[in-house]
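Per chain, numbering begins at 1; letters A, B, ... match sequence-line order.
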2 protein chains.
Amino acid sequence: MSEIYKALSDPTRRQILELLRDGELTAGDLSTHVPVSKPTLSGHLNVLKNAGLVDVTRDGTRMIYRLNVSVLEDALMSLMRTFRIGQPDQAPTPTAAILKGSKL
Amino acid sequence: MSEIYKALSDPTRRQILELLRDGELTAGDLSTHVPVSKPTLSGHLNVLKNAGLVDVTRDGTRMIYRLNVSVLEDALMSLMRTFRIGQPDQAPTPTAAILKGSKL
DNA sequence: CCATTATTTTGTTAATTTGCAAATTAACGA
DNA sequence: TCGTTAATTTGCAAATTAACAAAATAATGG
């Protein structure tokens with residue numbers, strides 16, 4: 001599970017994910033948009049693949065990469081639950097409710 | 001902004017954030033729960049502080065650390081918007097709506 | 001099977017990160 | 001100002017990461 005955060009921690013990899021956001025791209029397509037050498041790009045794609053954030057299929061000589069949003073979604077939801085983000089506040093205890101209504 | 005992802009990419013730092021989730025703790029408190037030396041812990045706390053994920057105040061000889069949830073919240077919300085997570089699906093085009101209602 | 005295209009693997013280097021022990025700083029109370 | 005407690009900074013080693021060029025692999029078309 002920790003591999004996802006590692007994968008997200010590099011700006012080049014986040015750029016790749018954003019490029020894939022609107023649809024699948026080949027390694028070569030990505031190469032024209034991401035300012036690193038092809039071997040370096042290939043390494044980043046491998047990190048993303050191992051984290052489950054992208055899926056790959058082959059089409060002839062090219063490799064087609066696509067985003068796997070659900071993995072990202074699960075990771076974010078998990079973080080949100082852990083830190084209680086975007087969730088209803090804890091229901092106040094009766095005592096807290098009384099104090100809140102009192103003059104002091 | 002990229003510092004937040006970097007900060008989150010280390011498991012020890014995520015553990016620290018979780019420990020702070022339920023309330024503030026001193027560096028010493030954290031030290032008893034996190035299995036690294038105090039200098040190492042201090043380094044991690046500094047990374048979290050620079051990312052804005054924690055705030056610090058001094059209380060006599062101790063340093064009190066507390067979670068800054070809003071920074072984490074903003075980062076996650078930004079990611080969700082970027083990848084259109086937890087948002088209503090794209091409004092269907094008129095044509096798509098017609099096709100959806102048809103038998104084929 | 002050979003040439004071409006697309007991509008990955010290998011080998012290497014430089015930079016960054018993580019870890020610890022030892023030394024240092026900061027605040028407090030006697 | 002000492003001595004004590006709490007935490008950080010410094011200095012250094014080991015591990016990891018990101019980058020590239022060159023070589024290797026895989027698939028296709030002739």
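Across L45(B), L25(B), L19(B), D29(B), a single residue satisfies side-chain contact (heavy atoms from CB on, under 4.5 Å) together with Y65(B), and that is L45(B). Here the options are L53(B), V54(B), V47(B), the test is side-chain contact (heavy atoms from CB on, under 4.5 Å), and the partner is R13(B); only V47(B) passes.
Rounding to whole angstrom units, CG of residue N50(B) and P of dT16(C) are separated by 16 Å. Note: CZ (R13(B)) to C1' (dT18(C)) measures 9 Å, nearest angstrom. Here dA19(D) presents its P atom at 11 Å from CD of Q15(A), a figure rounded to the nearest Å. Between I16(A) atom CD1 and dA19(D) atom C1' the separation is 13 Å, expressed in whole Å. Between the CG atom of L8(A) and the C1' atom of dT17(D) there is a distance of 16 Å, rounded to whole Å.
Projected onto DNA chain D by closest heavy-atom contact, G60(A) and T12(A) fall at different nucleotides, the more 5' of which corresponds to T12(A). In terms of position along DNA chain D, the nucleotide closest to K6(A) lies nearer the 5' end than the nucleotide closest to the other residue of the pair D59(A) and K6(A).
T82(B) and R14(A) are not linked by any side-chain donor-acceptor pair at a separation below 3.5 angstrom, with hydrogens and angles left out of the test. N68(B) and S70(B) share a donor-acceptor pair across their side chains, judged by distance under 3.5 Å alone.
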Table of protein N/O atoms under 3.5 Å from nucleotides 4-9 of chain C N/O atoms:
residue, atom, partner, partner atom, Å
dA6(C), O4', T61(A), OG1, 3.1
dT7(C), OP1, A27(A), N, 3.3
dT7(C), OP1, G28(A), N, 3.3
dT7(C), OP1, M63(A), N, 3.4
dT7(C), OP2, G28(A), N, 2.8
dT8(C), OP1, Y65(A), OH, 2.3
dT8(C), OP2, S42(A), OG, 3.1
dT8(C), O5', S42(A), OG, 3.2

*Begin with the C-alpha distance, continue with both residues' side-chain angles, and end with the deciding distance and a verdict on side-chain contact (heavy atoms from CB on, under 4.5 Å) for L20(B) and I16(B).*
CA-CA 6 Å; L20(B) 292 175; I16(B) 292 170; 4.1 Å; yes
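Within the nucleic acid shown, K49(A) has no heavy atom closer than 4.0 Å to any nucleic acid atom.
Residue H44(B) has a polar side-chain atom (N or O) positioned under 4.0 Å from OP1 or OP2 of dG19(C).
In this structure, M80(A) CE and E73(B) CD are separated by 7.5 Å, a value rounded to the nearest 0.5 Å.
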